[in-house]
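See structure below.
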Amino acid sequence: MIKILSRFLTVIFFLGIFSFLVTKPVLGAGSLSLSPSSSTVTQGSDFTVSLRVSSGSKVNAIETRITYPANKLDFLGFGNGSFTLYDLSKGGSGSIYVVAGVSGSGKSGSNLVATIKFRAKVSSGTASVSINKSGSGLAGSGSGANLLTSVAGGTYTFKAAPPPPKPKAQDKTAPKVSSVKVTKLTRTSATIAWATNEDSDSTVEWGPTSKYGIIAASSKLTKSHAIALDKRLLEPGTAVHYRVISKDGSGNKGVSTDQSFTVPGYQVQIKVVDKDGVPIEGAKVTLVSYGEVGTDEKGAANYKDVEDGERAVLVDYQGKSISQIVKVAQKDGVQTFEVKVAGALALQGLTTTQMLGLGLIGIAVLVAFILFMFRGRLTRSKEEVDTNL
């Protein structure tokens with residue numbers, strides 16, 4: 001997710017938008033606010049707040065961090081506003097990070113930056129959703145100055161949900177959840193599918209750990225369920241934990257166990273060679289966070305589902321330890337990195353078949369030598385017998 005933000009900010013940089021470190025005069029006051037700033041929400045219901053920007057000058061880029069009480073609200077997801085460039089890759093566990101921009105002359109006046117969807121978790125009290133001013137900024141068109149002068153969050157009051165209708169006397173059984181699986185899995189997509197034995201709604205709780213933190217849901221009652229995860233929150237080579245929940249029309253709820261999958265990453269091959277470039281078999285290679293693998297007869301240790309970016313490699317061979325940093329790129333195919341071990345025995349550069357052949361030749365020479373010595377001893381013994389006769 002950090003890499004997505006980095007690529008996005010690079011685009012903004014080359015457009016000449018963000019230059020907050022350069023002191024320039026402020027062209028016009030700008031503000032960030034949440035709308036509505038207050039409302040009453042029912043426990044268990046979903047509601048949406050809008051993040052808006054208002055400025056007398058044209059704004060090309062916005063960066064802001066929003067905090068919310070995770071014990072009172074569940075973050076459900078983002079929606080785009082009137083800008084054209086977005087990085088909505090971070091949300092959950094009480095913090096939301098939004099970056100938006102537009103090329104060209106920018107936007108002035110009041111504009112929608114993004115929508116943020118929450119679900120109320122409690123039945124009473126209030127929750128404050130705040131915009132962190134110190135972590136926010138507005139970039140003005142043609143100026144590196146930060147136009148942001150004020151922020152305004154929102155306060156939301158909870159109320160208890162009305163009591164659900166009493167279930168029919170004959171229906172007290174929760175839906176039976178089965179066939180839970182991941183489908184349409186790529187580096188940028190994943191769909192959670194499952195079945196129930198009766199019509200029920202669909203909810204997926206998911207996140208980087210079994211604490212989850214993100215919810216994707218549909219209220220449609222069905223026996224065949226499929227929920228697509230937000231591709232903006234998926235990262236190649238990382239683990240995702242999830243569980244599914246289905247509730248029937250009578251309020252009975254079926255819940256699966258925790259499951260996990262790895263978002264497909266990149267294929268990496270670490271090739272270990274001696275100073276002459278001859279492959280070394282039997283070296284121990286550790287790609288940090290991805291385990292230890294021994295090199296094969298081609299000197300190769302292979303890994304899959306590796307996250308892109310800089311990765312540390314450790315190689316142990318004949319009492320020597322070599323460390324090296326490799327940079328995994330975002331591209332298909334096997335990415336090969338060579339690690340050279342100086343001072344390795346040349347014999348170790350031979351393949352297993354070649355070493356076996358040398359061993360057989362050595363055994364044959366030894367047998368021939370023994371036969372030669374035995375034949376010589378027999379000849380001397382015969383001569384001694386002839387002499388005695």
Side-chain angles (χ1 to χ4, degrees), residues 1 5 30-54 62-81 86-100 110-138 148-164 201-219 227 229-230 232-233 241-243 245 247 251 253 255:
M1 295 179 184
L5 175 58
S31 65
L32 288 172
S33 62
L34 296 179
S35 177
S37 60
S38 64
S39 64
T40 299
V41 293
T42 303
Q43 180 184 19
S45 66
D46 301 344
F47 67 100
T48 299
V49 298
S50 298
L51 174 64
R52 304 193 65 87
V53 59
S54 180
I62 298 166
E63 179 179 12
T64 188
R65 187 178 299 278
I66 299 170
T67 57
Y68 65 93
N71 63 326
K72 297 181 179 180
L73 295 174
D74 274 329
F75 166 68
L76 301 185
F78 295 103
N80 290 353
Y86 280 94
D87 180 15
L88 304 178
S89 60
K90 288 186 178 180
S93 301
S95 180
I96 300 170
Y97 189 51
V98 176
V99 174
S110 178
N111 290 279
L112 176 64
V113 180
T115 59
I116 303 169
K117 192 173 185 179
F118 293 106
R119 177 170 294 168
K121 299 172 68 173
V122 296
S123 60
S124 62
T126 61
S128 295
V129 181
S130 304
I131 300 175
N132 185 349
K133 184 177 180 181
S134 63
S136 304
L138 306 178
L148 182 64
T149 57
S150 65
V151 297
T155 300
Y156 306 98
T157 304
F158 302 102
K159 69 177 182 179
D201 63 11
S202 309
T203 298
V204 176
E205 295 182 334
W206 67 288
T209 69
S210 57
K211 293 182 180 180
Y212 311 117
I214 305 173
I215 292 178
S218 170
S219 59
I227 297 291
L229 305 186
D230 191 336
R232 295 171 296 187
L233 304 179
H241 286 258
Y242 69 95
R243 70 175 182 176
I245 303 172
K247 185 172 60 177
K253 183 187 297 185
V255 183

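Side chains are part of it too, since the values below use all heavy atoms of this structure and drop only hydrogens, waters and symmetry mates. Nothing here was measured: the structure is a model prediction, and the numbers come from that model.
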Grab the two heavy atoms, one from [X] and one from [Y], that are nearest each other, plus how far apart they are.
X	Y	result
A217	T203	CB-OG1, 3.7 Å
S136	R65	OG-N, 3.7 Å
L112	N80	CD2-O, 4.4 Å
V204	Y242	CG1-CB, 4.2 Å
S128	T155	OG-OG1, 3.8 Å
S218	I227	CB-CD1, 3.9 Å

Legend entry - Stepwise side-chain contact (heavy atoms from CB on, under 4.5 Å) check, N132 with T67: CA-CA 7 Å; N132 185 349; T67 57; 5.5 Å; no

I need the [X] [atom1] to [Y] [atom2] distance, nearest 0.5 Å.
X	Y	atom1	atom2	result
K90	I66	NZ	CD1	14.0 Å
F78	D230	CZ	CG	8.5 Å
S202	I245	OG	CD1	11.0 Å
L148	K133	CG	NZ	6.0 Å
T64	L32	OG1	CG	5.0 Å

Legend entry - Test applied, side-chain contact (heavy atoms from CB on, under 4.5 Å); reference residue, S50; option that passes from V113, T115, L34: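 By the side-chain contact (heavy atoms from CB on, under 4.5 Å) criterion, S50 pairs with just one of V113, T115, L34: T115.
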
Legend entry - Any donor-acceptor N/O pair, T149 side chain to G30 backbone, under 3.5 Å: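 At least one qualifying donor-acceptor pair exists.
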
Inset, instruction - Verify, without hydrogens or angle tests, whether Y68 (side chain) and G94 (backbone) share a donor-acceptor contact under 3.5 angstrom. - result: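 Confirmed, Y68 side chain pairs with G94 backbone.
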
Are any non-hydrogen side-chain atoms of [X] and [Y] less than 4.5 angstrom apart?
X	Y	value
R232	Y86	no
F158	V41	yes
R52	S110	yes
V98	I62	no
I214	L229	no

Enumerate, atom names and distances included, each donor-acceptor pair closer than 3.5 Å involving a side-chain atom of residues 42-49, sequence neighbours excluded.
| unit_1 | atom_1 | unit_2 | atom_2 | d |
| --- | --- | --- | --- | --- |
| Q43 | NE2 | K121 | O | 3.2 |
| S45 | OG | T42 | N | 3.3 |
| S45 | OG | T42 | O | 2.5 |
| D46 | OD1 | R119 | NE | 2.6 |
| D46 | OD1 | R119 | NH2 | 3.3 |
| D46 | OD2 | R119 | NH2 | 3.2 |

Inset, instruction - Report, as yes or no, whether the 6.0 Å neighbourhood of atom NZ on K247 holds more than 12 heavy atoms from other residues, nucleotides or ligands. - result: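 No.
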
Inset, instruction - Would you please classify the geometry between the F75 ring and the F118 ring as parallel, tilted or perpendicular, with 30° and 60° separating the classes? - result: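 F118 vs F75 ring planes: perpendicular.
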
